K.L.:
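Got a structure for you, written out below as C-alpha coordinates; questions coming shortly.
Here the structure is a predicted model, which is why all the values come from computation and not from measurement. Naming convention: chains lettered A, B, ... in sequence-line order (proteins, then strands); numbering from 1 in each chain. What's counted below: heavy atoms across the whole structure, side chains too, no hydrogens, waters or symmetry copies.
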2 protein chains.
Amino acid sequence: MLSVIFTLRVAILPYSYPYPHPAVTTDIAVFTLRAQKLQLLLVKRASPPFQGQWALPGGFLNIDEELEDCALRELQEETGVTGVYLEQLYTFGKTDRDPRERVISVTYYALTASDRLKVQAASDAADAAWYPLDDLPPLAFDHSSIVELAHQRLVAKLNYSTIAFQFMPETFTLTELQGVYEILLNEQLDKRNFRKWILGLGQIEETGELKRNGNHRPAREYRVKNPDRVEIIR
Amino acid sequence: MLSVIFTLRVAILPYSYPYPHPAVTTDIAVFTLRAQKLQLLLVKRASPPFQGQWALPGGFLNIDEELEDCALRELQEETGVTGVYLEQLYTFGKTDRDPRERVISVTYYALTASDRLKVQAASDAADAAWYPLDDLPPLAFDHSSIVELAHQRLVAKLNYSTIAFQFMPETFTLTELQGVYEILLNEQLDKRNFRKWILGLGQIEETGELKRNGNHRPAREYRVKNPDRVEIIR
DNA sequence: TGACATTGTGTATTTCGCACACTATGTTAA
DNA sequence: TTAACATAGTGTGCGAAATACACAATGTCA
(Lines give C-alpha, C1' and ligand atoms only; values in the text may rest on other atoms or scores of the structure.)
Protein backbone atom coordinates (compact mmCIF):
# COMPACT_ATOMS: atom_id res chain seq x y z
CA MET A 1 0.00 0.00 0.00
CA LEU A 2 1.56 3.24 1.08
CA SER A 3 4.90 3.37 2.80
CA VAL A 4 5.65 6.44 4.81
CA ILE A 5 9.33 6.93 5.30
CA PHE A 6 10.22 9.32 8.04
CA THR A 7 13.87 10.28 7.98
CA LEU A 8 15.61 10.86 11.27
CA ARG A 9 19.07 12.33 11.20
CA VAL A 10 21.34 12.41 14.16
CA ALA A 11 23.34 15.57 14.58
CA ILE A 12 26.00 16.31 17.14
CA LEU A 13 25.61 19.92 18.06
CA PRO A 14 27.51 22.07 20.56
CA TYR A 15 24.61 24.02 22.01
CA SER A 16 23.11 24.62 25.37
CA TYR A 17 19.43 24.72 24.48
CA PRO A 18 18.46 21.08 24.21
CA TYR A 19 15.46 21.43 21.92
CA PRO A 20 15.11 21.07 18.17
CA HIS A 21 16.32 24.10 16.24
CA PRO A 22 14.70 25.38 13.09
CA ALA A 23 16.71 25.84 9.93
CA VAL A 24 17.56 29.43 9.02
CA THR A 25 17.80 30.64 5.44
CA THR A 26 18.13 33.94 3.66
CA ASP A 27 16.18 34.79 0.53
CA ILE A 28 16.87 37.82 -1.61
CA ALA A 29 14.63 39.79 -3.95
CA VAL A 30 16.99 41.50 -6.39
CA PHE A 31 15.51 44.25 -8.52
CA THR A 32 16.93 45.98 -11.53
CA LEU A 33 15.68 48.03 -14.43
CA ARG A 34 16.00 46.46 -17.86
CA ALA A 35 14.19 47.24 -21.05
CA GLN A 36 12.24 50.02 -19.32
CA LYS A 37 10.78 47.62 -16.78
CA LEU A 38 11.32 46.73 -13.17
CA GLN A 39 12.67 43.18 -13.18
CA LEU A 40 13.28 40.55 -10.56
CA LEU A 41 16.06 37.97 -10.41
CA LEU A 42 14.82 34.37 -10.13
CA VAL A 43 16.44 30.96 -10.07
CA LYS A 44 15.01 27.67 -11.19
CA ARG A 45 15.10 25.12 -8.40
CA ALA A 46 17.41 22.19 -9.10
CA SER A 47 16.00 19.89 -6.43
CA PRO A 48 12.83 19.19 -4.47
CA PRO A 49 10.68 20.61 -3.08
CA PHE A 50 9.31 22.74 -5.92
CA GLN A 51 11.91 21.23 -8.27
CA GLY A 52 11.90 23.02 -11.60
CA GLN A 53 9.91 25.97 -10.25
CA TRP A 54 11.19 29.52 -10.07
CA ALA A 55 12.16 30.94 -6.71
CA LEU A 56 14.12 33.75 -5.13
CA PRO A 57 17.82 33.11 -4.79
CA GLY A 58 18.69 32.10 -1.25
CA GLY A 59 19.70 29.24 0.95
CA PHE A 60 20.77 27.92 4.30
CA LEU A 61 22.83 29.94 6.73
CA ASN A 62 26.19 28.51 7.70
CA ILE A 63 26.59 28.24 11.43
CA ASP A 64 29.47 30.71 11.59
CA GLU A 65 28.33 33.07 8.85
CA GLU A 66 26.77 36.53 9.20
CA LEU A 67 23.23 36.82 7.86
CA GLU A 68 24.12 39.44 5.30
CA ASP A 69 27.13 37.46 4.14
CA CYS A 70 24.87 34.47 3.64
CA ALA A 71 22.56 36.51 1.42
CA LEU A 72 25.47 37.81 -0.65
CA ARG A 73 27.05 34.37 -0.90
CA GLU A 74 23.87 32.64 -2.02
CA LEU A 75 23.28 35.36 -4.55
CA GLN A 76 26.75 34.89 -5.92
CA GLU A 77 26.60 31.13 -5.93
CA GLU A 78 23.23 30.84 -7.56
CA THR A 79 23.26 33.73 -9.99
CA GLY A 80 26.77 35.16 -10.21
CA VAL A 81 25.45 38.55 -9.16
CA THR A 82 27.67 40.63 -6.85
CA GLY A 83 28.02 44.20 -5.67
CA VAL A 84 24.38 44.97 -5.01
CA TYR A 85 22.82 47.34 -2.49
CA LEU A 86 21.34 45.08 0.19
CA GLU A 87 18.84 45.77 2.95
CA GLN A 88 17.04 43.48 5.37
CA LEU A 89 13.32 43.23 4.60
CA TYR A 90 11.42 40.97 7.00
CA THR A 91 11.66 37.56 8.60
CA PHE A 92 9.20 34.94 7.43
CA GLY A 93 8.67 31.96 9.67
CA LYS A 94 5.24 30.40 9.24
CA THR A 95 5.40 26.84 10.54
CA ASP A 96 4.18 25.40 7.26
CA ARG A 97 6.17 27.50 4.82
CA ASP A 98 8.58 24.68 3.91
CA PRO A 99 7.41 21.07 3.64
CA ARG A 100 10.78 19.65 4.70
CA GLU A 101 11.25 21.12 8.11
CA ARG A 102 10.74 24.30 10.08
CA VAL A 103 12.51 27.08 8.22
CA ILE A 104 12.93 30.69 9.31
CA SER A 105 13.83 32.88 6.36
CA VAL A 106 15.48 36.23 6.94
CA THR A 107 14.72 38.04 3.70
CA TYR A 108 16.59 40.85 2.01
CA TYR A 109 15.95 43.01 -0.97
CA ALA A 110 18.64 44.29 -3.26
CA LEU A 111 18.92 46.83 -6.03
CA THR A 112 21.46 47.08 -8.78
CA ALA A 113 22.15 49.04 -11.92
CA SER A 114 21.55 47.01 -15.04
CA ASP A 115 24.98 47.86 -16.44
CA ARG A 116 26.68 46.08 -13.55
CA LEU A 117 25.08 42.75 -14.24
CA LYS A 118 26.46 39.47 -15.38
CA VAL A 119 23.82 36.92 -14.53
CA GLN A 120 24.56 33.28 -14.95
CA ALA A 121 23.18 30.21 -13.28
CA ALA A 122 25.84 28.80 -11.04
CA SER A 123 26.28 25.49 -9.26
CA ASP A 124 23.29 25.59 -6.97
CA ALA A 125 20.55 26.45 -9.43
CA ALA A 126 19.41 24.94 -12.69
CA ASP A 127 18.93 28.34 -14.24
CA ALA A 128 18.82 32.03 -13.37
CA ALA A 129 16.96 34.78 -15.19
CA TRP A 130 15.35 38.20 -14.95
CA TYR A 131 11.57 38.44 -15.07
CA PRO A 132 9.52 41.61 -15.36
CA LEU A 133 7.75 42.16 -12.07
CA ASP A 134 4.42 42.44 -13.84
CA ASP A 135 4.86 39.08 -15.52
CA LEU A 136 6.27 36.67 -12.96
CA PRO A 137 5.96 32.91 -13.18
CA PRO A 138 4.45 31.05 -10.18
CA LEU A 139 6.97 31.11 -7.36
CA ALA A 140 7.97 28.40 -4.91
CA PHE A 141 7.25 28.54 -1.16
CA ASP A 142 5.86 31.87 0.07
CA HIS A 143 8.16 33.79 -2.24
CA SER A 144 5.30 35.75 -3.82
CA SER A 145 4.60 37.36 -0.44
CA ILE A 146 8.26 38.24 -0.08
CA VAL A 147 8.32 39.85 -3.50
CA GLU A 148 5.16 41.80 -2.81
CA LEU A 149 6.50 43.16 0.48
CA ALA A 150 9.85 44.02 -1.09
CA HIS A 151 8.14 45.91 -3.89
CA GLN A 152 5.99 47.84 -1.40
CA ARG A 153 9.06 48.77 0.60
CA LEU A 154 10.94 49.88 -2.48
CA VAL A 155 8.12 52.13 -3.68
CA ALA A 156 7.60 53.57 -0.19
CA LYS A 157 11.30 54.42 0.09
CA LEU A 158 11.27 56.39 -3.14
CA ASN A 159 9.47 59.18 -1.34
CA TYR A 160 11.77 59.62 1.60
CA SER A 161 15.17 58.32 0.54
CA THR A 162 17.64 58.32 -2.31
CA ILE A 163 17.16 54.60 -2.92
CA ALA A 164 16.36 55.11 -6.60
CA PHE A 165 19.97 56.13 -7.26
CA GLN A 166 20.93 52.49 -6.70
CA PHE A 167 19.47 51.74 -10.12
CA MET A 168 21.59 54.35 -11.89
CA PRO A 169 24.85 53.81 -13.72
CA GLU A 170 27.83 55.95 -12.71
CA THR A 171 26.76 58.87 -14.82
CA PHE A 172 23.34 59.70 -16.17
CA THR A 173 21.21 62.53 -17.45
CA LEU A 174 18.27 64.07 -15.67
CA THR A 175 15.95 62.70 -18.33
CA GLU A 176 17.25 59.20 -17.63
CA LEU A 177 16.82 59.65 -13.90
CA GLN A 178 13.29 60.90 -14.39
CA GLY A 179 12.58 57.84 -16.51
CA VAL A 180 13.65 55.61 -13.65
CA TYR A 181 11.27 57.32 -11.25
CA GLU A 182 8.49 57.09 -13.82
CA ILE A 183 8.95 53.35 -14.19
CA LEU A 184 9.13 52.75 -10.46
CA LEU A 185 6.16 54.95 -9.64
CA ASN A 186 4.31 53.86 -12.76
CA GLU A 187 3.26 57.41 -13.58
CA GLN A 188 4.39 60.33 -15.70
CA LEU A 189 6.19 63.17 -13.94
CA ASP A 190 6.46 66.82 -14.85
CA LYS A 191 9.92 67.64 -16.11
CA ARG A 192 10.30 71.03 -14.46
CA ASN A 193 8.96 69.92 -11.09
CA PHE A 194 11.08 66.80 -11.12
CA ARG A 195 14.26 68.74 -11.82
CA LYS A 196 13.49 71.35 -9.19
CA TRP A 197 12.93 68.60 -6.64
CA ILE A 198 15.82 66.29 -7.45
CA LEU A 199 18.38 69.09 -7.67
CA GLY A 200 17.01 70.58 -4.46
CA LEU A 201 17.95 67.39 -2.64
CA GLY A 202 21.61 68.23 -3.16
CA GLN A 203 22.49 64.57 -3.70
CA ILE A 204 23.68 64.71 -7.31
CA GLU A 205 26.19 66.91 -9.10
CA GLU A 206 27.18 67.68 -12.68
CA THR A 207 30.19 65.85 -14.05
CA GLY A 208 30.86 68.69 -16.48
CA GLU A 209 30.47 66.34 -19.42
CA LEU A 210 27.72 66.28 -22.01
CA LYS A 211 26.02 63.14 -23.18
CA ARG A 212 25.41 63.00 -26.93
CA ASN A 213 22.61 60.70 -27.91
CA GLY A 214 21.05 61.40 -31.31
CA ASN A 215 20.64 64.33 -33.62
CA HIS A 216 19.65 66.79 -30.99
CA ARG A 217 20.91 68.87 -28.12
CA PRO A 218 23.15 66.86 -25.76
CA ALA A 219 22.26 66.56 -22.09
CA ARG A 220 24.38 67.36 -19.07
CA GLU A 221 25.78 64.38 -17.22
CA TYR A 222 25.32 63.96 -13.49
CA ARG A 223 26.69 61.64 -10.87
CA VAL A 224 25.52 60.69 -7.36
CA LYS A 225 27.61 62.39 -4.69
CA ASN A 226 27.41 59.43 -2.31
CA PRO A 227 26.67 56.38 -4.42
CA ASP A 228 27.17 53.89 -1.59
CA ARG A 229 24.83 55.49 0.91
CA VAL A 230 21.05 55.67 0.78
CA GLU A 231 20.14 58.95 2.41
CA ILE A 232 16.91 59.76 4.19
CA ILE A 233 15.46 62.92 2.71
CA ARG A 234 12.78 65.51 3.72
CA MET B 1 45.11 24.81 36.14
CA LEU B 2 42.27 25.77 33.93
CA SER B 3 39.76 23.18 32.79
CA VAL B 4 37.86 23.95 29.67
CA ILE B 5 34.66 21.99 29.52
CA PHE B 6 33.05 21.90 26.15
CA THR B 7 29.54 20.52 26.28
CA LEU B 8 28.36 18.42 23.37
CA ARG B 9 24.70 17.54 23.25
CA VAL B 10 23.27 14.97 20.94
CA ALA B 11 19.94 15.83 19.42
CA ILE B 12 17.78 13.65 17.25
CA LEU B 13 16.20 15.92 14.69
CA PRO B 14 13.84 15.19 11.80
CA TYR B 15 15.30 17.52 9.20
CA SER B 16 16.64 17.28 5.75
CA TYR B 17 19.49 19.79 5.89
CA PRO B 18 22.28 17.90 7.57
CA TYR B 19 24.19 20.85 8.98
CA PRO B 20 24.09 22.47 12.39
CA HIS B 21 21.15 24.79 12.91
CA PRO B 22 21.29 28.01 14.87
CA ALA B 23 18.93 28.65 17.74
CA VAL B 24 16.11 31.09 17.06
CA THR B 25 14.73 33.43 19.68
CA THR B 26 12.37 36.36 19.82
CA ASP B 27 13.05 39.45 21.89
CA ILE B 28 10.49 42.15 22.54
CA ALA B 29 10.90 45.84 23.34
CA VAL B 30 7.67 46.84 25.10
CA PHE B 31 7.06 50.55 25.52
CA THR B 32 4.52 52.34 27.62
CA LEU B 33 4.02 55.79 29.07
CA ARG B 34 4.17 56.06 32.83
CA ALA B 35 4.79 59.07 35.00
CA GLN B 36 5.07 61.32 31.92
CA LYS B 37 7.94 59.27 30.53
CA LEU B 38 8.46 56.71 27.83
CA GLN B 39 9.33 53.51 29.63
CA LEU B 40 10.65 50.12 28.62
CA LEU B 41 9.84 46.72 30.07
CA LEU B 42 12.89 44.76 31.26
CA VAL B 43 13.46 41.45 32.98
CA LYS B 44 16.31 40.46 35.22
CA ARG B 45 18.03 37.36 33.92
CA ALA B 46 17.67 34.36 36.20
CA SER B 47 20.48 32.31 34.68
CA PRO B 48 23.74 32.70 32.77
CA PRO B 49 24.92 34.25 30.59
CA PHE B 50 24.45 37.78 31.95
CA GLN B 51 22.83 36.35 35.07
CA GLY B 52 21.37 39.12 37.19
CA GLN B 53 21.57 41.67 34.38
CA TRP B 54 18.57 43.35 32.83
CA ALA B 55 17.46 42.29 29.38
CA LEU B 56 14.52 42.45 27.02
CA PRO B 57 11.88 39.79 27.59
CA GLY B 58 12.23 37.00 25.04
CA GLY B 59 13.32 33.43 24.55
CA PHE B 60 13.65 30.42 22.37
CA LEU B 61 11.20 29.58 19.62
CA ASN B 62 9.38 26.27 19.92
CA ILE B 63 9.75 24.17 16.81
CA ASP B 64 6.04 24.23 15.97
CA GLU B 65 5.29 27.75 17.16
CA GLU B 66 4.67 30.87 15.06
CA LEU B 67 7.21 33.65 15.59
CA GLU B 68 4.66 36.14 16.81
CA ASP B 69 3.13 33.61 19.18
CA CYS B 70 6.56 33.01 20.61
CA ALA B 71 7.00 36.71 21.29
CA LEU B 72 3.60 36.94 22.98
CA ARG B 73 4.20 33.78 25.00
CA GLU B 74 7.60 34.86 26.26
CA LEU B 75 6.22 38.22 27.19
CA GLN B 76 3.43 36.60 29.13
CA GLU B 77 5.66 34.04 30.81
CA GLU B 78 8.35 36.46 31.85
CA THR B 79 6.37 39.55 32.72
CA GLY B 80 2.67 38.69 32.82
CA VAL B 81 1.99 41.34 30.17
CA THR B 82 -0.65 40.51 27.55
CA GLY B 83 -2.77 42.28 24.98
CA VAL B 84 -0.12 44.54 23.49
CA TYR B 85 0.19 45.92 19.97
CA LEU B 86 3.04 43.95 18.39
CA GLU B 87 5.08 44.55 15.24
CA GLN B 88 8.18 42.86 13.86
CA LEU B 89 11.24 45.08 14.09
CA TYR B 90 14.41 43.48 12.72
CA THR B 91 16.35 40.24 12.89
CA PHE B 92 19.66 40.30 14.72
CA GLY B 93 22.08 37.50 14.03
CA LYS B 94 25.70 38.51 14.60
CA THR B 95 27.73 35.36 15.08
CA ASP B 96 29.06 36.51 18.44
CA ARG B 97 25.91 37.98 19.92
CA ASP B 98 25.35 35.08 22.33
CA PRO B 99 28.29 33.32 24.03
CA ARG B 100 26.47 29.99 24.25
CA GLU B 101 25.79 29.20 20.64
CA ARG B 102 24.71 30.83 17.40
CA VAL B 103 21.44 32.62 18.05
CA ILE B 104 19.25 34.41 15.54
CA SER B 105 16.87 36.78 17.28
CA VAL B 106 13.74 37.95 15.52
CA THR B 107 12.87 41.10 17.42
CA TYR B 108 9.53 42.80 17.94
CA TYR B 109 8.45 46.00 19.50
CA ALA B 110 5.21 46.46 21.35
CA LEU B 111 3.18 49.34 22.73
CA THR B 112 0.60 49.34 25.44
CA ALA B 113 -1.50 51.74 27.46
CA SER B 114 -0.28 52.06 31.00
CA ASP B 115 -3.73 51.37 32.43
CA ARG B 116 -3.76 47.89 30.94
CA LEU B 117 -0.68 46.75 32.74
CA LYS B 118 -0.17 44.22 35.43
CA VAL B 119 3.53 43.50 35.39
CA GLN B 120 4.87 40.73 37.51
CA ALA B 121 7.94 38.60 37.18
CA ALA B 122 6.84 35.12 36.25
CA SER B 123 8.57 31.75 36.24
CA ASP B 124 11.29 32.47 33.71
CA ALA B 125 12.70 35.71 35.07
CA ALA B 126 14.01 36.76 38.43
CA ASP B 127 12.31 40.12 38.20
CA ALA B 128 10.47 42.38 35.77
CA ALA B 129 10.23 46.16 35.85
CA TRP B 130 9.69 49.33 33.87
CA TYR B 131 12.61 51.65 33.26
CA PRO B 132 12.49 55.14 31.77
CA LEU B 133 14.08 55.00 28.35
CA ASP B 134 16.41 57.84 29.25
CA ASP B 135 17.69 56.01 32.32
CA LEU B 136 18.21 52.38 31.38
CA PRO B 137 20.53 50.03 33.21
CA PRO B 138 23.22 48.21 31.17
CA LEU B 139 21.52 45.58 29.07
CA ALA B 140 22.56 42.01 28.29
CA PHE B 141 23.59 40.82 24.80
CA ASP B 142 23.04 43.35 22.01
CA HIS B 143 19.77 44.48 23.53
CA SER B 144 20.78 48.14 23.58
CA SER B 145 20.93 48.12 19.79
CA ILE B 146 17.51 46.55 19.65
CA VAL B 147 16.07 49.19 21.94
CA GLU B 148 17.66 51.99 19.96
CA LEU B 149 16.28 50.71 16.68
CA ALA B 150 12.82 50.16 18.19
CA HIS B 151 12.77 53.70 19.53
CA GLN B 152 13.79 55.11 16.15
CA ARG B 153 11.05 53.15 14.46
CA LEU B 154 8.46 54.28 16.96
CA VAL B 155 9.31 57.95 16.56
CA ALA B 156 9.39 57.66 12.77
CA LYS B 157 5.94 56.08 12.75
CA LEU B 158 4.41 58.94 14.70
CA ASN B 159 4.53 61.06 11.58
CA TYR B 160 2.77 58.76 9.19
CA SER B 161 0.59 56.46 11.27
CA THR B 162 -1.79 56.38 14.19
CA ILE B 163 0.63 54.33 16.27
CA ALA B 164 0.52 56.80 19.17
CA PHE B 165 -3.09 55.80 19.90
CA GLN B 166 -1.74 52.47 21.16
CA PHE B 167 -0.56 54.30 24.25
CA MET B 168 -3.98 55.74 25.03
CA PRO B 169 -6.55 54.36 27.45
CA GLU B 170 -10.07 53.74 26.12
CA THR B 171 -11.12 57.33 26.56
CA PHE B 172 -8.98 60.41 26.81
CA THR B 173 -9.01 64.15 26.35
CA LEU B 174 -7.27 66.08 23.60
CA THR B 175 -4.94 67.61 26.14
CA GLU B 176 -3.92 64.14 27.29
CA LEU B 177 -3.37 63.00 23.71
CA GLN B 178 -1.28 66.07 22.98
CA GLY B 179 0.77 65.30 26.08
CA VAL B 180 1.54 61.84 24.70
CA TYR B 181 2.80 63.29 21.44
CA GLU B 182 4.87 65.83 23.32
CA ILE B 183 6.55 63.15 25.39
CA LEU B 184 7.24 60.94 22.38
CA LEU B 185 8.51 63.75 20.18
CA ASN B 186 10.22 65.46 23.09
CA GLU B 187 8.95 68.89 22.06
CA GLN B 188 6.10 71.25 22.84
CA LEU B 189 3.23 71.42 20.36
CA ASP B 190 0.78 74.23 19.63
CA LYS B 191 -2.63 73.42 21.02
CA ARG B 192 -4.72 74.81 18.17
CA ASN B 193 -2.61 73.31 15.42
CA PHE B 194 -2.48 69.95 17.15
CA ARG B 195 -6.27 69.81 17.49
CA LYS B 196 -6.85 70.88 13.91
CA TRP B 197 -4.48 68.15 12.73
CA ILE B 198 -5.57 65.30 14.95
CA LEU B 199 -9.29 65.89 14.37
CA GLY B 200 -8.64 66.24 10.65
CA LEU B 201 -7.32 62.68 10.58
CA GLY B 202 -10.82 61.45 11.31
CA GLN B 203 -9.51 58.68 13.54
CA ILE B 204 -11.00 59.73 16.87
CA GLU B 205 -14.53 60.68 17.92
CA GLU B 206 -16.21 62.26 20.92
CA THR B 207 -17.77 59.90 23.44
CA GLY B 208 -20.24 62.60 24.48
CA GLU B 209 -18.94 62.52 28.04
CA LEU B 210 -16.98 65.16 29.87
CA LYS B 211 -13.96 64.44 31.98
CA ARG B 212 -13.80 66.37 35.27
CA ASN B 213 -10.33 66.74 36.63
CA GLY B 214 -9.89 69.59 39.10
CA ASN B 215 -11.54 72.90 39.85
CA HIS B 216 -11.82 74.05 36.28
CA ARG B 217 -13.66 73.55 33.05
CA PRO B 218 -14.06 69.82 32.19
CA ALA B 219 -12.72 68.45 28.90
CA ARG B 220 -14.55 66.46 26.24
CA GLU B 221 -13.74 62.79 26.14
CA TYR B 222 -12.68 61.09 22.94
CA ARG B 223 -12.15 57.51 21.86
CA VAL B 224 -10.22 55.94 18.97
CA LYS B 225 -12.56 54.75 16.22
CA ASN B 226 -10.41 51.74 15.37
CA PRO B 227 -8.33 50.96 18.44
CA ASP B 228 -6.96 47.68 17.10
CA ARG B 229 -5.65 48.98 13.79
CA VAL B 230 -2.68 51.25 13.20
CA GLU B 231 -3.61 53.32 10.17
CA ILE B 232 -1.20 54.85 7.70
CA ILE B 233 -1.97 58.54 7.38
CA ARG B 234 -1.10 61.30 4.87
C1' DT C 1 -20.83 85.06 42.93
C1' DG C 2 -16.30 85.84 41.83
C1' DA C 3 -11.59 83.91 41.40
C1' DC C 4 -9.45 80.10 39.36
C1' DA C 5 -7.62 76.78 36.09
C1' DT C 6 -7.99 74.64 32.13
C1' DT C 7 -10.71 74.01 27.76
C1' DG C 8 -11.74 75.38 23.27
C1' DT C 9 -11.52 78.32 19.21
C1' DG C 10 -9.87 81.55 14.28
C1' DT C 11 -6.96 84.07 11.32
C1' DA C 12 -2.88 85.61 8.94
C1' DT C 13 1.53 84.10 6.93
C1' DT C 14 4.66 81.10 4.88
C1' DT C 15 5.90 76.94 2.58
C1' DC C 16 5.31 73.27 -0.46
C1' DG C 17 3.30 70.64 -4.15
C1' DC C 18 1.47 70.93 -8.60
C1' DA C 19 -0.10 72.61 -13.13
C1' DC C 20 1.47 74.51 -17.19
C1' DA C 21 4.53 76.12 -22.44
C1' DC C 22 8.18 78.00 -24.65
C1' DT C 23 13.17 78.91 -25.77
C1' DA C 24 18.01 76.85 -26.31
C1' DT C 25 21.23 73.96 -28.54
C1' DG C 26 23.82 70.36 -30.92
C1' DT C 27 23.06 67.17 -35.01
C1' DT C 28 22.14 66.00 -39.48
C1' DA C 29 20.95 66.25 -44.12
C1' DA C 30 19.98 69.02 -48.09
C1' DT D 1 25.73 77.08 -44.83
C1' DT D 2 21.64 76.66 -43.18
C1' DA D 3 17.30 75.00 -41.94
C1' DA D 4 14.70 71.21 -39.95
C1' DC D 5 14.82 68.22 -36.16
C1' DA D 6 14.65 66.32 -31.55
C1' DT D 7 15.47 66.67 -27.12
C1' DA D 8 17.43 69.75 -23.22
C1' DG D 9 16.60 73.23 -20.20
C1' DT D 10 13.97 76.89 -17.82
C1' DG D 11 9.92 80.21 -14.41
C1' DT D 12 5.54 81.49 -12.65
C1' DG D 13 1.06 81.32 -10.60
C1' DC D 14 -2.34 78.89 -7.69
C1' DG D 15 -4.24 76.18 -4.02
C1' DA D 16 -3.34 73.31 0.01
C1' DA D 17 -1.09 72.48 4.02
C1' DA D 18 1.94 73.76 7.86
C1' DT D 19 2.95 77.19 11.14
C1' DA D 20 2.72 81.17 14.28
C1' DC D 21 0.03 83.40 17.45
C1' DA D 22 -3.99 85.23 21.88
C1' DC D 23 -8.23 85.41 24.01
C1' DA D 24 -12.96 84.06 25.27
C1' DA D 25 -15.74 80.11 27.47
C1' DT D 26 -16.93 77.11 31.22
C1' DG D 27 -17.27 74.21 35.28
C1' DT D 28 -15.42 74.15 40.16
C1' DC D 29 -14.75 75.71 44.53
C1' DA D 30 -14.39 78.74 48.27
Side-chain angles (χ1 to χ4, degrees), chain A residues 36 155-162 164 168-169 171-224 231-234, chain B residues 36 155-162 164 168-169 171-224 231-234:
Chain A
Q36 308 281 59
V155 171
K157 280 220 161 191
L158 290 180
N159 291 301
Y160 64 91
S161 80
T162 58
M168 303 311 291
T171 66
F172 50 87
T173 68
L174 291 184
T175 301
E176 287 162 356
L177 184 55
Q178 181 176 342
V180 166
Y181 274 90
E182 287 176 340
I183 293 166
L184 295 172
L185 294 169
N186 198 30
E187 62 180 335
Q188 296 301 110
L189 300 176
D190 178 82
K191 195 200 244 190
R192 282 166 291 187
N193 292 338
F194 178 77
R195 284 165 185 237
K196 216 183 310 173
W197 175 73
I198 204 82
L199 292 174
L201 297 181
Q203 297 288 340
I204 61 175
E205 61 192 2
E206 296 188 27
T207 64
E209 301 296 307
L210 294 179
K211 181 161 187 176
R212 268 152 255 270
N213 189 29
N215 61 334
H216 53 80
R217 178 174 179 176
R220 296 185 208 183
E221 268 191 351
Y222 289 81
R223 73 168 78 89
V224 178
E231 312 277 347
I232 303 301
I233 56 186
R234 274 199 207 178
Chain B
Q36 307 282 60
V155 171
K157 280 220 161 191
L158 290 179
N159 291 302
Y160 64 91
S161 80
T162 57
M168 303 310 292
T171 66
F172 50 87
T173 68
L174 292 184
T175 301
E176 286 163 358
L177 183 55
Q178 181 176 342
V180 167
Y181 274 90
E182 287 177 339
I183 292 166
L184 294 172
L185 294 169
N186 198 29
E187 61 179 336
Q188 296 300 109
L189 300 176
D190 178 81
K191 193 200 244 190
R192 282 165 293 185
N193 292 338
F194 177 77
R195 285 167 184 236
K196 216 183 310 174
W197 174 73
I198 203 82
L199 292 173
L201 296 181
Q203 298 287 343
I204 61 175
E205 60 192 2
E206 295 189 29
T207 64
E209 302 295 307
L210 294 180
K211 181 162 187 177
R212 266 153 256 270
N213 189 28
N215 62 333
H216 53 79
R217 178 175 180 177
R220 296 185 207 182
E221 267 191 351
Y222 288 80
R223 73 168 78 87
V224 178
E231 312 277 348
I232 304 300
I233 55 187
R234 273 200 206 178

K.L.:
When you measure from the side chain of A:Arg217, which nucleotide among C:dG10, D:dA6, C:dA24 comes out closest?
P.N.:
C:dA24
K.L.:
Below 3.5 Å, does any donor atom in the side chain of B:Lys196 face an acceptor in the base of C:dT11, or the other way round?
P.N.:
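Side chain to base: pair found, below 3.5 Å.
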K.L.:
Please tell me which of the listed nucleotides, D:dG9, D:dC21, C:dC20, lies nearest to the side chain of A:Asp190?
P.N.:
C:dC20
K.L.:
OP1 or OP2 of C:dG8 sitting under 4.0 Å from any side-chain N/O of B:Arg220?
P.N.:
yes
K.L.:
How long is the line joining CZ of B:Arg234 and C1' of C:dC16, in whole Å?
P.N.:
12 Å
K.L.:
What is the distance, to the nearest angstrom, from the CG atom on A:Leu177 to the C1' atom on D:dG9?
P.N.:
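Answer to the nearest Å: 15 Å.
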K.L.:
Rounded to the nearest Å, what distance is computed from the CZ atom of residue A:Arg212 to the P atom of nucleotide D:dC5?
P.N.:
22 Å
K.L.:
Quick one: B:Gln178 CD to C:dT7 P, roughly how many Å, whole number?
P.N.:
9 Å
K.L.:
Has the side chain of B:Asn215 got a donor or acceptor atom sitting under 3.5 Å from an opposite partner on the base of D:dA30?
P.N.:
no
K.L.:
Heavy atoms from C-beta onward define the side chain here; which of D:dC21, D:dT10, C:dG26 lies closest to that of A:His216?
P.N.:
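Of the candidates, C:dG26 comes closest.
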K.L.:
Looking at the side chain of B:Arg195, which of C:dT7, C:dC20, D:dG27 is the nearest nucleotide?
P.N.:
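Out of C:dT7, C:dC20, D:dG27, the nucleotide with an atom closest to B:Arg195's side chain is C:dT7.
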K.L.:
Taking the side chain from B:Glu206 and the backbone from B:Arg220, do they hold a donor-acceptor pair closer than 3.5 Å?
P.N.:
no
K.L.:
When the distance from CG of A:Leu210 to C1' of C:dG26 is rounded to whole Å, what number comes out?
P.N.:
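The answer, rounded to whole Å, is 9 Å.
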K.L.:
Mind checking whether A:Tyr181 and A:Trp197 have parallel, tilted or perpendicular rings, split at 30° and 60°?
P.N.:
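The arrangement is perpendicular - the two ring planes meet at more than 60°.
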K.L.:
Select base, sugar-phosphate, or nothing to describe what B:Thr175 touches, counting heavy atoms under 4.0 Å on all strands.
P.N.:
sugar-phosphate
K.L.:
Donor-acceptor pair, B:Thr207 side chain versus B:Arg223 backbone, under 3.5 Å?
P.N.:
no
K.L.:
Using the closest heavy atom to pick a nucleotide of DNA chain D for each, name whichever of B:Arg192 or A:Asn193 lands nearer the 5' end.
P.N.:
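It is A:Asn193 whose nearest nucleotide is closer to the 5' end.
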K.L.:
Whole angstroms only, please: what is the NZ-P distance between A:Lys191 and D:dG11?
P.N.:
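Answer to the nearest Å: 14 Å.
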K.L.:
Roughly how many Å is it from CD1 in A:Ile198 to P in C:dG17, rounded to a whole number?
P.N.:
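Going from CD1 in A:Ile198 over to P in C:dG17 covers 13 Å.
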